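This report refers to the structure that appears directly beneath it.
A, B, ... follow the sequence lines: proteins, then strands. Residue 1 opens every chain. Just so you know, these numbers use all the heavy atoms, side chains as well, and skip hydrogens, waters and symmetry mates. Treat the numbers as computed from the prediction; the structure is a model and nothing was measured.
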2 protein chains.
Amino acid sequence: MSRSLKHVTIREYVRDLVAGSAPGTVAPSERDLVDRFGVARMTVRQALDALVGEGVLERVPGRGTFVAAPQRTPTGVLGFTEEMARRGMVAEARTLLAERVPSGEGLASALQVTPGAPLVRWRRLRMADGRPVCLCETYLVERRVPGLAEALPDSLYDDLARRGLRPTWSEDVLTACAAAAEEARLLEVAVGAPVLRHDRRACSGEIVVEVSRTVYRGDHHAVSLLLRG
Amino acid sequence: MSRSLKHVTIREYVRDLVAGSAPGTVAPSERDLVDRFGVARMTVRQALDALVGEGVLERVPGRGTFVAAPQRTPTGVLGFTEEMARRGMVAEARTLLAERVPSGEGLASALQVTPGAPLVRWRRLRMADGRPVCLCETYLVERRVPGLAEALPDSLYDDLARRGLRPTWSEDVLTACAAAAEEARLLEVAVGAPVLRHDRRACSGEIVVEVSRTVYRGDHHAVSLLLRG
DNA sequence: TAGTGGTCTAGACCACTAT
DNA sequence: TAGTGGTCTAGACCACTAG
């Protein structure tokens, strides 16, 4: 009670009220809410302003307030498993290597730890619908993901989400190269065939969660992105 | 005059006032603005709310309002010229072709026009610091950029900005391929050398502005991205 | 004409920060 | 203690939409 501000009460009331409603559904009018909660109109507007800012509601002058159309695609920093699921494909992975290694200088800097700090190095061959798609080498800071190396998850990003470390943004660098011998063998392409190299540094807020390098077959995969801004 | 709302007047006054100020600089207090403009405090708050929402200002209860720290990298749908500038390189372009073509079905659908609508097809060899970097083929809807084909700009994205069509979001697909004969010749690499293909559909709000395919030399260029979400 | 959101007023009390 | 932003009141007039 003492802690609940009126505009927050109203905001959450309206949020619950319209949750699950189809876009275009009428929301309560400002004056309705004034009557219902016995507050000033500015207070109601403050509550609705927040929901409009979040994209939950839409105002139409002279007509009313309505449930907004769903946001345009959440861009999203997606993991491989999610990316494949979005395309209706089944992602699999064969772990080639999972070990603890002390971090060198470059990785320490990228992961924001002191050189020598224990890292988890995880190397996987990833497949979609049974065919090799990419080779992925991921480095994680061990103390940020305790126990991960002992019980490797099916989907790294799912596991990170459960730890409250879902990547919220990432820096990505993409480049085209020729497949090296080992890459070629594992990806089942000729040596020198074009491959797409994807380096990522994924962060959850201020915390660097993952540094990875993924090498995709050029002929069977494309990286799709939705940029904003 | 009759068209200028008070909160807009105040918002733009403050925006100009703090433009170029260092992050952390004190902005006028709400009561200062009340006095200066002779308005109610709610009106001032409405103006400042907008700037806070845009990330221009930051409020600190009990202390004041301040110029916000720069947004974490504007993610940015960047054009080639801007991308190069950010790396401290000089971008140049050699126009290989600029012509009007009727749109086929695929392009018409991507650009949201009726098949046959006149398009501008613009093909450029792009260079950074004098060396060929990529081959870029851009399609634009002629009636959305009248006069562009007659006076080709140095930077497409600059030109679009002046027309109020600065891309605000884009769909991008990246893949690795082997260079075809003509690509190889123009980019000065061997036939079959790995190249990075970047397909983009750039939009300004609801309007599709550009559809392009860019082929980068694999060895001299990487596409960098910052994803959010 | 009745209802809606958009704008605006002229105050008020609170918790917090800095001096 | 003085100043700041955060919250809130109880009204008002406007332009617009719909029946």
Side-chain angles (χ1 to χ4, degrees), chain A residues 1-19 21-69 71, chain B residues 1-19 21-71 205:
Chain A
M1 276 302 299
S2 61
R3 282 242 50 79
S4 65
L5 302 174
K6 295 188 180 182
H7 77 266
V8 173
T9 306
I10 299 167
R11 191 223 300 152
E12 296 311 317
Y13 167 81
V14 175
R15 192 202 299 282
D16 288 351
L17 199 65
V18 304
S21 302
T25 305
V26 189
S29 81
E30 298 181 355
R31 285 161 180 90
D32 278 356
L33 293 166
V34 165
D35 293 345
R36 172 180 300 271
F37 288 93
V39 298
R41 193 163 153 232
M42 286 308 302
T43 307
V44 166
R45 284 185 65 78
Q46 187 177 6
L48 296 186
D49 278 344
L51 294 174
V52 169
E54 287 180 38
V56 174
L57 298 180
E58 224 170 3
R59 289 201 246 246
V60 183
R63 297 224 307 127
T65 306
F66 305 88
V67 177
Q71 305 286 60
Chain B
M1 278 304 300
S2 60
R3 283 243 49 82
S4 65
L5 303 173
K6 294 189 181 183
H7 77 266
V8 173
T9 306
I10 298 168
R11 190 223 299 152
E12 296 310 317
Y13 168 80
V14 176
R15 192 201 300 282
D16 288 351
L17 200 64
V18 305
S21 301
T25 305
V26 189
S29 80
E30 297 181 355
R31 286 161 180 90
D32 278 356
L33 293 166
V34 165
D35 293 345
R36 173 180 300 270
F37 288 94
V39 297
R41 191 160 153 233
M42 287 307 301
T43 307
V44 166
R45 284 185 65 79
Q46 186 177 6
L48 297 186
D49 278 345
L51 294 173
V52 169
E54 287 180 38
V56 174
L57 297 181
E58 224 170 1
R59 289 203 245 246
V60 183
R63 298 224 305 128
T65 305
F66 304 88
V67 177
Q71 306 285 61

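- As rounded to whole Å, 8 Å separates atom C1' of D:dT7 from atom CZ of B:R45.
- Closest-nucleotide positions on DNA chain D for A:R31 and B:R31 were compared, and the one nearer the 5' end corresponds to B:R31.
- For D:dA2, the paired nucleotide is C:dT17, the pair qualifying as Watson-Crick or G-U wobble because both relevant distances are below 3.5 Å.
- Rounded to a whole Å, the CG atom of B:L5 is 15 Å from the C1' atom of C:dT9.
- For the OP1/OP2 pair of C:dT4 and a distance below 4.0 Å, the side-chain nitrogens and oxygens of A:S29 include at least one atom meeting the criterion.
- In this structure, the side chain of A:T9 engages the main chain of A:L5 through a donor-acceptor pair within 3.5 Å.
- For CZ of A:R41, the number of neighbouring non-hydrogen atoms (other residues, nucleotides, ligands) closer than 6.0 Å is greater than 12.
- Taking NZ of A:K6 as the start and CZ of A:R11 as the end, the distance is 16.0 Å to the nearest 0.5 Å.
- Across D:dG5, D:dT9, C:dC8, the shortest atom-to-atom separation from the side chain of B:Q46 is found for C:dC8.
- Residue A:P28 is the one, among B:P61 and A:P28, whose nearest nucleotide of DNA chain C lies closer to the 5' end (criterion: closest heavy atom).
- Using modelled atom types, no side-chain atom of A:T43 and backbone atom of A:V39 make a donor-acceptor pair closer than 3.5 Å.
- In this entry the distance linking CG of B:D32 with C1' of D:dG5 reads 13 Å, nearest Å.
- For B:M42, taking side-chain heavy atoms from C-beta onward, the closest of the listed nucleotides C:dA10, C:dG5, C:dC13 is C:dA10.
- Close to D:dT7, at under 4.0 Å from its OP1 or OP2, lies no side-chain N or O of A:T43.
- The CD-P distance, from B:E58 to D:dG6, rounds to 12 Å in whole Å.
- When the side-chain nitrogen and oxygen atoms of B:R41 are compared with OP1 and OP2 of C:dT9, none of them lie within a distance under 4.0 Å.
- Here D:dT17 is the nucleotide among C:dT7, D:dG6, D:dT17 with the atom lying nearest to any side-chain atom of A:R63.
- C:dG6 atom P lies 9 Å from atom CG of A:L48, rounded to whole Å.
- Considering only the side chain of B:H7, C:dC8 comes nearest among D:dT9, C:dT9, C:dC8.
- Summarising the base pairing, D:dC8 is matched to C:dG11 through a Watson-Crick or G-U wobble pair whose two defining distances lie under 3.5 Å.
- Between the CZ atom of A:F66 and the C1' atom of C:dG3 there is a distance of 12 Å, rounded to whole Å.
- When the P atom of C:dT4 is taken as reference, atom CG of A:L57 falls 15 Å away, rounded to whole Å.
- Rounded to whole Å, atom P of D:dG11 lies 12 Å from atom CG of A:D35.
- Under the side chain to side chain contact (heavy atoms under 4.5 Å, CB included) rule, B:L51 has a single partner from B:V18, B:I10, B:V56, which is B:V56.
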